[in-house]
Amino acid sequence: MPQSPLARTVAALQPRARTELAELVAFKSVADPAQFPKSECEAAANWITDTLRADGFQDVALLDTPDGTQSVYGFLPGPAGAPTVLLYAHYDVQPPLDETAWVSPPFELTERDGRWYGRGAADCKGGLIMHLTALRALKEHGGVPVNVKVIVEGSEEQGTGGLERYAEAHPELLTADAIVIGDTGNFRVGLPTVTATLRGMTLVRVQVDTLEGNLHSGQFGGAAPDALAALIRILDSLRAEDGSTTVTGLAADATWDGLQYPEEDFRKDAKILDGVGLLGDGTIADHIWARPAVTVLGIDCPPVVGATPSVQAGARALVSLRVPPGTDAAEATKLLAAHLETAAPWGARVAVEQVGQGQAFRADTTSPAYTSMAEALQEAYDGAEMQTSGMGGSIPLCNTLASLYPEAEILLIGLSEPEAQIHAVNESVSPQELERLSLAEALFLRRYAG
């Protein structure tokens, strides 16, 4: 199929997109000063501010949010009477984990096997580049036909709620007729997909204490209560024998009726080792889109290297619980805390501290904006029909925006398809997906303008 003039312009903008994505990826913008200097996030925010201003945005501002991070806002006026579309992305990223496991440096965008590798390339610095590319292409073909607001968050990965609280305190700032959240992804490369549901999440830190101090395991082991052993038992109680999540009082039997995820594809995408089984019963889609899922993110205990023969007096873990639409995240947090406390063996002392929380989200896929997006995606993907899927991850801002602006139509698209391996080592983005989704967004804005 011959390319349209708009498609050719988007294609011509790809070298610029790669250059700017490389500049953004170079910032080690992990929103946790215990891991990386806060100056890295500040530098990324300043880069975005300068870029928006250079692209003609007005009212560009660094927003100091209540969690101590910064979000970036800008407004691009369109024709009089045109609708307003809010475009969202976030510039903070997950830590790189084991940098030695990366084939190329995590904060250096590297092309390999037809993909661009680097932390944040897909999640979600690439989302911002997608927005900018779409707008730049439209400017070369008659101008942007809608009013555009851009908001780029600085702490989405931490789940600390800074932008949500800021939006609640300044509800006029992000008002829009439609909102495009550029932080999800296609079900598979080349298959255009919008995300209809997001699981919510709660993040808690659990501390277990049993002794005033560590003891010699030879002298006291066998009778003295071991805090690490107690923690292991508590964490084990969060799963049934088949591995499915079991938090007392939390429903875990919902089913997913839409697009299904074949087991063979899931095993390949998740890189599950041969002979290792999957968790729970039901379909893959049931477990990752419609049911709660607990994950132990980290444990504070002595490392193997340098460990001493001691009975541990205390141990700590960080526990994530994803909750599906229809489950209140605040209630899930209470149930999780109660479960952890009740499961403590031997009278061990347990303290549970909430670290982060976000509500689940369900989009209205019958809205006019979805019709416009379906047409845009079909054109950008050479006739492939738009699919609708769930997503197991969480974007806490979605529910805040839906609550503040109940009339707004919220759409979720993005670059985080399975091959992107977001949150893992060797995260990458498909340049073909970036090009097609940039074109789709430009086409959407045209159609949505009417």
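In what follows, every heavy atom counts, from backbone to side chain, and hydrogens, waters and symmetry copies are set aside.
Pairing each heavy atom of Thr193 with each of Asn186, the nearest pair is N-OD1, 2.9 Å. Nearest approach of Leu250 to Thr327, heavy atoms of both residues: CD1-CG2, 3.7 Å. Nearest heavy atom pair, residue Trp102 against residue Ala424, reads CZ2-O, 3.8 Å. Closest approach of Thr248 and Leu335 over heavy atoms only: O-CD2, 3.7 Å. What you find for Leu397 and Glu164 is that their closest heavy atoms are CA-CG, 3.9 Å. When every heavy atom of Leu401 is checked against every heavy atom of Ile181, the shortest pair comes out as CD1-CD1, 4.2 Å.
Asp92 and Ser29 form no side-chain donor-acceptor contact under 3.5 Å, judged by distance and modelled atom types alone. For the residue pair His141 / Thr9, a side-chain donor-acceptor distance below 3.5 Å is found, with atom types taken as modelled.
Using the six-membered ring where Trp is involved, Tyr88 and His90 have ring planes that are tilted, between 30° and 60° apart.
The side chain to side chain donor-acceptor pair (under 3.5 Å) contacts involving residues 388-399 comprise Arg322-Ser394, where partners must be two or more places apart or lie in separate chains. Within the structure, salt bridge (Lys or Arg N to Asp or Glu O under 4.0 Å) contacts touching residues 324-342 (residues at least two apart or in different chains) do not occur. Legend: salt bridge (Lys or Arg N to Asp or Glu O under 4.0 Å) pairs involving residues 111-138, not counting sequence neighbours, sorted by first then second residue: Arg18-Glu111, Glu20-Arg136, Asp55-Arg136, Arg115-Glu417, Arg115-Glu419, Arg119-Glu427.
Taking a cutoff of 4.0 Å between a charged side-chain nitrogen and a carboxylate oxygen, Arg267 and Glu264 do not qualify as a salt bridge.
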**Study point:** Worked check of side chain to side chain donor-acceptor pair (under 3.5 Å) between Thr333 and Gln357
**Key:** CA-CA 8 Å; Thr333 302; Gln357 182 178 284; 2.8 Å; yes
Practice item. Take Gln421 and Tyr117 through the side chain to side chain donor-acceptor pair (under 3.5 Å) test and state the conclusion after the steps. Key: CA-CA 10 Å; Gln421 292 290 292; Tyr117 286 81; over 6 Å; no
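Screening Cys398, Pro325, Pro324, Pro396 for a side chain to side chain contact (heavy atoms under 4.5 Å, CB included) with Leu198, the sole residue that qualifies is Cys398. Considering Asp59, Leu76, Leu132 as possible partners of Leu52, the one that fulfils the side chain to side chain contact (heavy atoms under 4.5 Å, CB included) test is Leu132.
Within a 6.0 Å radius of NZ in Lys28, other residues, nucleotides and ligands contribute 12 heavy atoms or fewer. In Glu385, the CD atom is not crowded: 12 or fewer heavy atoms of neighbouring residues, nucleotides or ligands sit closer than 6.0 Å.
For Phe27 and Tyr91, the gap between ring centers reaches or exceeds 6.0 Å.
Checking side-chain atoms of Arg199 against main-chain N and O of Gly392 turns up a donor-acceptor pair under 3.5 Å. Looking only at distances, no side-chain donor or acceptor of Trp47 sits under 3.5 Å from a matching main-chain atom of Asp50.
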